[in-house]
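Report on one structure; see the data block that follows.
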Amino acid sequence: MGLRVYNTLSGNKEEFIPVEPGKVKMYVCGVTVYDHCHIGHARANVVFDVIYRYLGHLGLQVTYVRNYTDIDDKIINRANREGVTFDVISERFIKEFDRDMERLGLKLPTCQPRATEHIPEIISLVQTLIDKGFAYQAGGDVNFCVEKFDSYLKLSGRSLEDMQAGARIEVDERKRHPMDFALWKEAKPGEPFWESPWGKGRPGWHIECSAMSMKYLGTTFDIHGGGKDLIFPHHENEIAQSEAATGKPFVNYWLHNGFVNINSEKMSKSLGNFFTIKEVLDKYDNEVLRFFLLSAHYRSPIDFSDQNLSEAEAGLERIYKALAAVEEALGGAEFAGAALDAATLGEAERELFEKATTLVTRFHEAMDDDFNTALAIAHVFDLVRCVNRVLSETAEGKDRIGTLCALVKGEVAKIAGVLGVFSSEPVGFLERLKSRKAGNLDIAVEEIELLIAERTAARKAKDFKRSDEIRDQLAARNIVLLDSPQGTTWSVK
RNA sequence: GGCGGCGUAGCCAAGUGGUAAGGCAGAGGUCUGCAAAACCUUUAUUCAGCGGUUCAAAUCCGCUCGCCGCCUCCA
């Protein structure tokens, strides 16, 4: 059974069949660069990054285009507020966006076009729509005529009549139909502009995506993605513009990710309940955020809260602890390809062998079912339990344990490369987490270590009263001690 | 008002016809001087409620209740 994806257009999961066998062309709406990105942007971009990686992992040759909307009312407004030109704002936030995405571990798309670098293509597309009678000039504006496009609203499943019933429509005298939308906007005095057949102006919001996606991916391509909130009007309008211009289907599969909620409510700028990626990464590790975002199915809403992030952190830590133990049992040796005779394995070892060798298969089953990353992650936890069991039952490293561990390491690495988590060096990751937590402590690391030394001496002298005193004292400050034959280590609660 | 989605254990979360994954938290046990970590066992006779279809439903259909989203810029 191959890949199946939920297509917003049909409202069903469908078998994924690319236009051109072996190749996938995918476009995802990027950001309007007028402010810092929030975790809603993080989710959308992480989700499509995983989809991008998975398609590549399946052996498909993926062309992934993600745009920057670098000209828009909001950018102009901010530029005016700050007394700079619009490109100062867009450049600044493009850099911010790039940095945020890098921290979240995103692979670079094949191409990241900007609206302002495609003005000729946009003008040409608008002209085609006018020529074909789908658009009309109104002063210096050019509007798309929704009534001319029969299948308008097929993506969101509405009708023009229904839309009007409850909507308060501001009357724009120059629009023939209240739902008509701008392809080209006349420049007001002082606004940035480009020359066009209709005078000085700039592109409307939706046209750039049609122009750029078709330029890089062709008139009909495979996947178009974005947040659910883009379904209407943005994607609806993209379909109208593109299909009216070419007379061909624009996109075969529309994929939309769910929202990030705060207390079960949509996070948005207008509600003021948003967190920027930066703020979140000040508090949590990059990989913890990514792991959290992948712990639910991409179409479900996900609730952002301290508790949920902390749980994600605990879960990821558990996985890395197991990976660190695997690394240790391996003793630095590489997998020699030594054959494991299942008959000689103990029960726990056999289960581990089984879970490890089927991990990638189960991962594919999960991902083939509309990119079920939550299930994929559950399979990893499954394996972790088996690893821990085998290692806790085995006093010292035997050859076959090393071989098993090498197997586990290799199989986990395969899926880590797709999910973009679990690929840090385990001990390094755990140290990173520890020092991050230690940064929030009200006690210096040196002091902790002095106390541990004192406690070790006390324990040696069997002065358990004093040793427990020290442990309690540290526990009160969120420090947990772990005694082992190799000595005492500490971690932050 | 129109359209759409959701409601699974204390919490998070998979599961779309075959008898409830996984994680966090909790309880008991092993280990330990005692702990911690890890492991083992355990925690939903039940999937918002009520009906219906079926040999069989969390899964399909209908109704009710509750929550949310879109219809205006928004990932």
Side-chain angles (χ1 to χ4, degrees), chain A residues 8 11 13 28-32 34-35 37-48 72-74 153 156-159 161-170 179 205 225-234 236 256-261 264-271 274 292 295-297 299-303 305 307-319 321-322 325 348 362 366 369 372-382 384-393 459 462-465 467-468 471-472 475 480-485 488-491 493:
Chain A
T8 306
K13 280 184 197 169
V28 172
C29 288
V31 283
T32 299
Y34 74 102
D35 204 350
C37 289
H38 54 63
I39 49 177
H41 297 110
R43 184 181 196 189
N45 283 284
V46 165
V47 159
F48 286 103
D72 162 90
D73 288 355
K74 288 196 281 274
L153 303 180
S156 52
R158 310 160 203 256
S159 70
E161 297 73 49
D162 296 338
M163 298 282 285
Q164 284 178 81
R168 293 162 291 134
I169 312 244
E170 287 177 30
M179 296 299 293
W205 173 33
K228 269 192 161 78
D229 47 355
L230 294 181
I231 294 171
F232 182 89
H234 187 53
E236 204 69 76
H256 294 98
N257 65 275
F259 295 130
V260 175
N261 290 158
S264 306
E265 279 199 330
K266 177 187 171 181
M267 181 181 68
S268 76
K269 295 240 163 172
S270 46
L271 290 171
F274 62 93
F292 166 70
S295 66
H297 185 93
R299 283 191 285 118
S300 309
I302 189 167
D303 211 51
S305 68
Q307 187 188 336
N308 291 348
L309 263 287
S310 297
E311 280 186 10
E313 187 175 79
L316 188 58
E317 191 173 1
R318 174 177 161 83
I319 290 170
K321 274 183 184 164
R362 285 178 296 141
D369 185 14
N372 193 337
T373 54
L375 184 56
I377 287 170
H379 292 325
V380 175
F381 275 114
D382 237 8
V384 161
R385 199 192 63 250
C386 293
V387 164
N388 287 335
R389 185 174 169 198
V390 165
L391 293 180
S392 75
E393 283 181 2
R459 289 182 73 214
K462 306 264 183 219
D463 181 0
F464 296 121
K465 184 165 173 286
S467 98
D468 289 353
R471 188 172 60 202
D472 292 345
V480 185
L481 299 185
L482 295 87
D483 296 328
S484 81
T488 300
T489 58
W490 60 279
S491 63
K493 203 179 173 188

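Below, read A as the first sequence line, B as the second, and so on, with proteins coming before strands; counting in each chain starts at 1.
In this structure, A/Leu309 places its CG atom 20 Å from P of B/G23, rounding to the nearest Å.
Using a 4.0 Å heavy-atom cutoff across all strands shown, A/Gly227 reaches sugar-phosphate atoms only and no base atom. Using a 4.0 Å heavy-atom criterion, one finds that A/Arg318 contacts the sugar-phosphate atoms exclusively. Within the nucleic acid shown, A/Gly11 has no heavy atom closer than 4.0 Å to any nucleic acid atom. Residue-level contact check: A/Asn257 touches the bases, meaning some heavy atom is under 4.0 Å from a base atom. In this structure, A/Val28 reaches neither bases nor backbone, as no heavy-atom distance under 4.0 Å exists between it and the strands shown. Residue A/Arg158 is in base contact, counting any heavy-atom pair closer than 4.0 Å across all strands shown. Among the protein residues, A/Leu481 comes within range of the nucleic acid bases, having at least one heavy atom under 4.0 Å from a base atom. Base contact: A/Asp229 has a heavy atom under 4.0 Å from a base atom. Looking at heavy-atom distances under 4.0 Å, A/Ala44 makes contact with sugar-phosphate atoms alone, never a base. As judged by a 4.0 angstrom heavy-atom cut-off over every strand, A/Asn372 is placed among residues touching the sugar-phosphate backbone only. Contacts of A/Ser300 with the nucleic acid, taken as non-hydrogen atoms under 4.0 Å apart, involve only primed sugar atoms and P, OP1 or OP2. In this structure, A/Phe464 reaches the bases: a heavy-atom distance under 4.0 Å links it to at least one base atom across the strands shown.
Considering only the side chain of A/Asp382, B/G22 comes nearest among B/A75, B/G22, B/G33. Checked against B/A14, B/A35, B/G23, the side chain of A/Ala296 finds its nearest nucleotide in B/A14. For A/Lys266, taking side-chain heavy atoms from C-beta onward, the closest of the listed nucleotides B/C24, B/G33, B/G69 is B/G69. Across B/U16, B/C39, B/C12, the shortest atom-to-atom separation from the side chain of A/Glu311 is found for B/C12. For A/Ala374, whose side chain is taken as the heavy atoms from C-beta onward, the closest listed nucleotide among B/A13, B/C24, B/C71 is B/A13. With distances taken from any side-chain atom of A/Lys74 to the nucleotides B/C73, B/C71, B/C34, the minimum falls on B/C73. Proximity note for A/His38 (side chain, C-beta onward) versus B/C39, B/G15, B/A75: the nearest is B/A75. When each of B/A14, B/C73, B/C40 is scored by its nearest atom to the side-chain atoms of A/Arg385, the top-ranked nucleotide is B/C40.
The base of B/C73 is not paired with the side chain of A/Asp72 by any donor and acceptor separated by under 3.5 Å. A donor N or O paired with an acceptor N or O is not found under 3.5 Å between the base of B/C40 and the side-chain atoms of A/Arg389. Not a single donor-acceptor pair, N or O on each side, falls under 3.5 Å between the base of B/A75 and the side chain of A/Arg43. One N or O donor and one acceptor, one from the side chain of A/Asp468 and one from the base of B/G33, sit under 3.5 Å apart.
Here A/Phe381 does not pack flat against the base of B/G22, since the 5.5 angstrom centre distance and 30 degree tilt limits are not both met.
Base pairing of B/G4 is made with B/C68, judged by Watson-Crick or G-U wobble geometry with both donor-acceptor distances under 3.5 Å. Base pairing of B/C34 is not made with any nucleotide, judged by Watson-Crick or G-U wobble geometry with both donor-acceptor distances under 3.5 Å. Summarising the base pairing, B/C11 is matched to B/G23 through a Watson-Crick or G-U wobble pair whose two defining distances lie under 3.5 Å. Base pairing annotation: B/U53 forms no Watson-Crick or G-U wobble pair, as no partner gives both donor-acceptor distances under 3.5 Å. Remark: B/G17 base-pairs with no nucleotide; criterion is Watson-Crick or G-U wobble with both hydrogen-bond distances under 3.5 Å. Judged by Watson-Crick or G-U wobble contacts below 3.5 Å, the nucleotide B/A44 has no partner. Checking B/U59 for Watson-Crick or G-U wobble geometry (two distances, each under 3.5 Å) identifies no partner in any strand.
Residues A/Asn261 and A/Lys13 both approach RNA chain B. Their nearest nucleotides, taken by heavy-atom distance, put A/Lys13 toward the 5′ side.
The existence of a salt bridge linking A/Asp35 and A/Lys74 is excluded, since no basic side-chain nitrogen approaches an acidic carboxylate oxygen closer than 4.0 Å.
As rounded to the nearest Å, B/A48 and B/A58 have C1' atoms that lie 12 Å from one another. Comparing the P positions of B/A20 and B/G5 gives a spacing of 28 Å, expressed to the nearest Å.
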